[in-house]
Amino acid sequence: MNQQAVSKSAKSDTEQKVPFDIEKVRKDFPILDQEINGKPLIYLDNGASAQKPNAVIKAINDYYCQDNANVHRGAHTLGDRATAAFEGARERVREFINAASTKEIIWTSGTTEAINLVASGLTSTLKSGDEIIVSRIEHHANIVPWQMLAERTGATLKVIEINEAGELQEGAYEALLSEKTKVVAVTHVSNVLGTINPVKDMIEKAKSVGAITLIDGAQAVPHFMVDMQALDCDFYVFSSHKLFGPTGIGVLYGKESRLNALPPYQGGGEMIERVTFEKTTYNELPYKFEAGTPAISEAIGLAKAIDYFCQFDRADVEAHENSLMDYANSLVKTVPGMKVIGTAKNKVPVMSFMIEGLHPSDIGTLLDQQGIAIRTGNHCAMPLMDFYSLPGTARASFAFYNTKAEVETLFKGLEKIQRLFA
Amino acid sequence: MSNNEHSQFTENDFGGSINTDEILETFEFLDDWEDRYAFIIDLGKKLPTFPEEAKNEINLVHGCQSQVWLTHYLDQSTGKLHLLIDSDALIVRGLAAIVMASFNAKIPSEVLAVNIEAIFEKMDLIRHVSATRGNGLRSMVKKVQLIAQGIGS
Ligand SMILES: Cc1ncc(COP(=O)(O)O)c(C=O)c1O
């Protein structure tokens, strides 16, 4: 059965932008207005999962109150409305990342599943002696699926090493690239250090040896716009929940030709064209990779999150985020024994750090007492922790709804912890 | 092992003068989080030295964000179970001290009879931290109970 992809007219980027007013913006995120341990919540764990604006919560609520039905089944009005909204969301994502077609937008449960889908699909493409390149700063989600692929095929994993600042070593990638390289899978932005990798250049170089490229955009899309046609990568993946959308959904962008060359990931309903016991033929893109009933309300919620995100002038938002980072950097010296991990020239507003005499988990617990939420631990990046010989770090990751006052409170809190307990 | 080597297990006040009654009593008088955590962290500083060579995979307590090691020694002459716990995190060391105060230098049947939940209940802070996964408090308690069960059976 072939469904018609209904697309709602998406918001155009030329549309009038809303001025970025931080006080107004904060009011759009209901969760921020509460006290934790008697102190106003300061949420600085956006890298793990970002909060959701009212618009997203309302879109999901409205969907269940008004339109809920299964998609692509035809036959009744609710089903048509659900399908239109669901496919409209796909078009919204396509526009957001400037993909050439909605056929290239595959819904997955998140970044992790998207990478697994690609790695699994490449099993018959790779053979013994082939090489897969990743970097030292990958999240486990962009390491383990490739390790598993290597195990299945006899290929080897090659690692681009980093310098002390947390940037890929100059020339290290080029030294690894050869005609043996079949896959280059690197993160756009490090979740631990905030480092922005020069992926455009890396993709171009991968192409010169005919390697397939996958970029992990989980930490990039919440901070800046990405353009698939400009980047020209084969695959790009990200999660909705870090982009102010709901959990349970993510995006696999894949070039049409690359997606066509991959076998289906899971079998079931939706992904088939015709099933007989002798032979099954598969549905066309993007449905070939979407077995079973998809995450409908989540897709709609994600599209709303993108609308919300894109309504502001990007330059204003990025200037605000950079001012948070600069302010945080300027306050590091106020906390004796504090050391920042990850000082790349090009980074998003993320600060990993240690304080002498304190374990990251101590810092996390003692900040929580002051209403401040950060992440502590290895951040699903153990090879990176090994590089720095650290058991983990404390990490404050900022979003556009954070304020300079919050940054100041964070550092006052850190100074207090250091003074009382270290 | 010579008796000397066991002295690090037996020559400390945990389960003796450092006991849960005494801890709970002090804790009641502390009303801000700074004092409570300072108290917990200070308790951790009283822990007996954990031998470096015992910081191995076997003694590692799993399910903790920080590294936690736990080892034990059963004194055949008294039948008492002696524990040593250590961690690289200050607060977790403090929690380990509370676990030590609750279970150390008791015979296995006494260890299994300790109502640790009731103690956590009484300490507001512990109730708070014991609910969060990853600090290892639950894992430490579980490991001690398993050791006591293993000896008892
Ligand atoms: C860089 C990076 N890649 C992948 C992931 C995995 O994302 P998810 O858990 O949403 O699949 C994360 C999440 O922390 C991440 O930061």
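Per chain, numbering begins at 1; letters A, B, ... match sequence-line order. Computation of the quantities below employed the complete heavy-atom set of this structure, encompassing side-chain atoms and omitting hydrogens, waters and symmetry-equivalent molecules.
A donor atom on one side chain and an acceptor atom on the other are not found under 3.5 Å apart for A/H139 and A/T187. For the residue pair A/N46/A/N402, the side-chain donor-acceptor check at 3.5 Å is satisfied. Side-chain contact annotation: B/T10 with B/H82, donor-acceptor N/O pair under 3.5 Å absent. Counted by atom type alone, A/S190 and A/T195 present zero donor-acceptor pairs between their side chains at under 3.5 Å.
Heavy atoms of B/L90 lying under 4.5 Å from chain A belong to its backbone as well as its side chain.
Two residues are said to be in side-chain contact when any heavy atoms from C-beta on lie closer than 4.5 Å; B/L83 and B/T71 fail this criterion.
A/S361 and B/S66 get closest at one heavy-atom pair: OG-CB, 4.2 Å.
Listed by sequence position, A/K416, A/L420, A/F421 are the residues of residues 415-422 of chain A in contact with chain B, using a 4.5 angstrom heavy-atom cutoff. Of all residues spanning residues 46-58 of chain B, none has a heavy atom less than 4.5 Å away from chain A's heavy atoms.
Aromatic ring pairs are classed by plane angle as parallel below 30°, tilted from 30° to 60° and perpendicular above 60°; the pair B/Y73 and B/H6 is parallel.
One finds a salt bridge joining A/D45 and A/R395 here, because a Lys/Arg side-chain nitrogen approaches an Asp/Glu carboxylate oxygen to under 4.0 Å. A salt bridge links A/R26 to A/E406: at least one charged side-chain nitrogen sits closer than 4.0 Å to a carboxylate oxygen.
Note that A/K404 lies in the cation-pi zone of A/Y327, set by a 6.0 Å cut-off to the ring centre and a 45° limit from the axis.
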